[in-house]
Protein chains: 2
Amino acid sequence: MTEPDHPSVARRISAPPSMSALAAEALRDMVLAGDLRPGDRVIENRLTEQLGVSRPPLREAMRVLEQEGLIVQVPRKGAVVAPITPHDIYEIVSLREEIEQIAVRLGVPVRSRERLERLRLAFANLEAAAEEPGASRVVETSFAFHLAVVGLAGHKRLEDVYRSLSLQMRMCMAMNRRARAAIETAREDAARHRPLMELVEAGDLEGMAHTLAHHGQRTFLLTIEDDAEGHSPESRAWFARIRKEEEEAMRHD
Amino acid sequence: MTEPDHPSVARRISAPPSMSALAAEALRDMVLAGDLRPGDRVIENRLTEQLGVSRPPLREAMRVLEQEGLIVQVPRKGAVVAPITPHDIYEIVSLREEIEQIAVRLGVPVRSRERLERLRLAFANLEAAAEEPGASRVVETSFAFHLAVVGLAGHKRLEDVYRSLSLQMRMCMAMNRRARAAIETAREDAARHRPLMELVEAGDLEGMAHTLAHHGQRTFLLTIEDDAEGHSPESRAWFARIRKEEEEAMRHD
DNA sequence: CGCTGGACTACTGTCTACAAAAGGCAGGCG
DNA sequence: CGCCTGCCTTTTGTAGACAGTAGTCCAGCG
């Protein structure tokens with residue numbers, strides 16, 4: 001008779017705090033907070049004593065981070081935090097935007113009550129965070145809101161890709177020395193979410209697609225230098241186009 | 001003096017045959033070949049002696065397969081080959097198609113010589129495989145050709161997602177008892193790749209986008225039952241729409 | 001003074017072993 | 001006869017240790 005306990009309650013626990021999951025979360029936070037910057041080596045032994053876990057769970061965690069695109073593993077060399085070139089920025093932002101468009105096209109017509117409710121909750125959180133003095137929660141809740149918009153489609157695979165891209169984007173924001181500016185922009189950007197929410201409630205598909213286009217770029221454009229190395233032909237063209245559109249939009253304000 | 005060996009040649013070996021990679025490949029082949037069917041449990045101990053590797057590399061391999069969407073891990077229950085519902089089919093095929101559209105839109109205008117060359121190679125392989133009696137290589141090379149089309153965009157993240165979706169699609173094809181029919185369709189479908197290739201050479205963006213739309217569906221529609229369980233509202237609507245479009249297209253032939 | 005060869009260091013890849021938890025099965029009791 | 005409970009088996013999660021390889025640094029020679 002060790003413990004009768006409650007054999008049924010364990011069923012509800014969807015997250016038995018496995019060391020791997022904990023390690024993954026801690027590692028992800030380190031990257032997102034900028035403690036680990038792109039290009040930094042990720043040494044297993046160092047991390048194990050730093051996080052207080054053994055190597056196997058840490059390796060699992062690194063696998064997760066790799067899947068999320070935050071670190072890359074080189075076969076016999078070890079792992080590094082994913083280096084970010086302008087081309088990567090191009091990939092992340094352009095794909096992210098495309099996915100938002102797809103999600104809206106697929107999800108808005110459905111108007112699932114449950115998913116709409118989740119979106120409203122995310123919106124409420126966002127507004128609450130915008131009121132707070134600290135700005136860190138603004139970034140987090142803003143990303144959560146966008147994720148909830150994509151979630152309207154009820155498309156798991158689409159959501160997974162979007163989640164990864166969002167994480168990579170946050171890593172980029174943490175990386176850059178102009179991150180503070182980015183956060184401020186995010187706060188100002190939060191005000192733009194209200195009209196978006198109204199379009200959702202109205203079921204205005206076209207309006208949402210239009211609003212979402214170039215919505216994230218504005219925030220993000222400030223976080224990088226365009227004279228950095230690692231440009232590809234398409235990324236160079238893309239940056240030029242975005243900047244021009246941005247200037248145009250500024251004139252209209 | 002153990003071995004002077006050739007310390008320089010090892011540099012060129014990009015793939016030191018790590019046990020994990022080997023295990024991943026073997027496991028993937030098992031799933032794609034239908035030896036492991038969706039819903040089957042993936043027992044670690046059984047697989048280790050079957051593949052002749054130890055548990056750690058096998059776990060790494062399972063992580064890779066999970067990332068590819070071929071298996072799912074339930075925390076304290078073990079792993080199973082990803083079960084496929086009609087809703088999953090909807091997700092896979094619809095997203096795959098969207099990505100092809102994006103890739104063409106981004107990639108065709110660039111006309112990178114190197115990527116075009118890769119595509120031509122894939123096309124040559126496909127034509128060669130279509131001549132052979134065995135049909136297995138037709139499926140493989142057909143998927144490779146489509147991947148090369150997506151590769152035109154030079155968008156790594158887009159390609160990765162596409163690769164995953166293709167693998168899941170192949171798993172579905174292996175799963176179904178009407179797989180033989182699907183393969184035959186793929187062979188007939190191979191003939192349709194020639195006009196697509198010509199559109200690429202001509203740089204006809206609109207034409208490609210139009211040709212790619214509903215291109216894969218035809219092949220794939222045969223591989224599933226529409227009366228299966230696991231439908232969602234959107235998947236049901238999607239199936240209905242696709243079937244109608246398909247019938248329409250048949251009439252035009 | 002520069003280059004090349006070798007040895008060293010430190011990291012990753014792999015394996016064996018242990019502990020804990022969940023599910024299945026059998027036996028007993030109501 | 002059915003249900004509940006306790007044990008057992010199976011399987012995963014975790015830990016620590018070992019070997020192999022790649023990169024680096026130093027010393028010796030040209």
Side-chain angles (χ1 to χ4, degrees), chain A residues 1-27 36 39-67 70-83, chain B residues 1-27 36 39-67 71-82:
Chain A
M1 268 190 263
T2 52
E3 273 179 311
D5 236 12
H6 312 277
S8 56
V9 296
R11 189 69 54 81
R12 325 199 71 176
I13 302 175
S14 59
S18 73
M19 295 303 265
S20 339
L22 256 49
E25 199 170 331
L27 199 54
L36 287 174
D40 285 358
R41 294 192 61 183
V42 181
I43 310 297
E44 294 185 0
N45 284 339
R46 206 153 302 170
L47 268 293
T48 50
E49 58 188 39
Q50 198 164 344
L51 298 178
V53 298
S54 190
R55 279 187 57 207
L58 179 69
R59 284 176 71 84
E60 299 273 300
M62 287 169 67
R63 259 283 159 14
V64 173
L65 274 281
E66 187 187 22
Q67 169 186 349
L70 298 184
I71 68 176
V72 293
Q73 303 240 27
V74 189
R76 285 277 179 184
K77 284 279 293 293
V80 297
V81 180
Chain B
M1 269 186 260
T2 51
E3 273 179 311
D5 236 11
H6 313 278
S8 57
V9 296
R11 189 68 55 81
R12 327 198 72 176
I13 302 175
S14 60
S18 74
M19 294 305 265
S20 340
L22 256 48
E25 198 170 332
L27 199 54
L36 287 174
D40 284 359
R41 295 192 60 184
V42 181
I43 310 297
E44 294 187 359
N45 284 341
R46 203 153 305 169
L47 268 293
T48 50
E49 57 188 38
Q50 199 164 342
L51 298 178
V53 299
S54 191
R55 278 188 56 213
L58 179 68
R59 284 177 71 83
E60 300 271 300
M62 286 170 67
R63 208 84 200 192
V64 173
L65 273 281
E66 187 187 22
Q67 169 187 349
I71 70 177
V72 293
Q73 303 240 27
V74 188
R76 287 278 179 182
K77 284 279 294 290
V80 296
V81 179

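Note: hydrogens, waters and symmetry copies are ignored here, and every other heavy atom, side chains too, is used.
Whole-Å rounding puts the Asn45(B) CG to dA17(C) P distance at 13 Å. The separation between Met19(A) atom CE and dT14(D) atom P is 7 Å, rounded to whole Å. Separating the CD atom of Glu44(B) from the P atom of dT11(D) is a distance of 10 Å, rounded to the nearest angstrom. Atom CD of Glu49(B) and atom P of dT11(D) are 10 Å apart (whole Å). Atom CZ of Arg59(B) is separated from atom P of dG13(C) by 16 Å (rounded to the nearest Å). To the nearest angstrom, C1' of dA15(D) lies 16 Å from CG of Leu51(A). Following rounding to the nearest Å, Leu22(A) (CG) and dA15(D) (P) show an atom-to-atom distance of 12 Å. Here dG23(D) presents its P atom at 14 Å from CD1 of Ile43(A), a figure rounded to the nearest Å.
With rounding to the nearest 0.5 angstrom, the CD1 atom of Ile71(B) is 4.5 Å from the CE atom of Met62(B). In this structure, the separation between CG on Leu47(B) and CG on Leu36(B) is 6.5 Å, given to the nearest 0.5 Å.
A close approach under 4.0 Å does occur between a side-chain nitrogen or oxygen of Arg46(B) and OP1 or OP2 of dT11(D). Ser20(B) has no side-chain polar atom (N or O) that falls below the 4.0 Å cut-off from OP1 or OP2 of dG13(C).
Residue order along DNA chain D, read from the 5' end via each residue's closest nucleotide, puts Ser54(A) first among Lys77(A) and Ser54(A).
Using a 4.0 Å heavy-atom distance criterion, Pro56(B) is classed as a base contact.
Between the side chain of Arg55(A) and the base of dG13(C), at least one donor-acceptor pair of N or O atoms lies under 3.5 Å.
The only member of Val42(A), Leu27(A), Val72(A) that meets side chain to side chain contact (heavy atoms under 4.5 Å, CB included) when paired with Val81(A) is Val42(A).
Salt bridge status for Glu66(A) with Arg63(A): present, with a side-chain N to carboxylate O gap under 4.0 Å.
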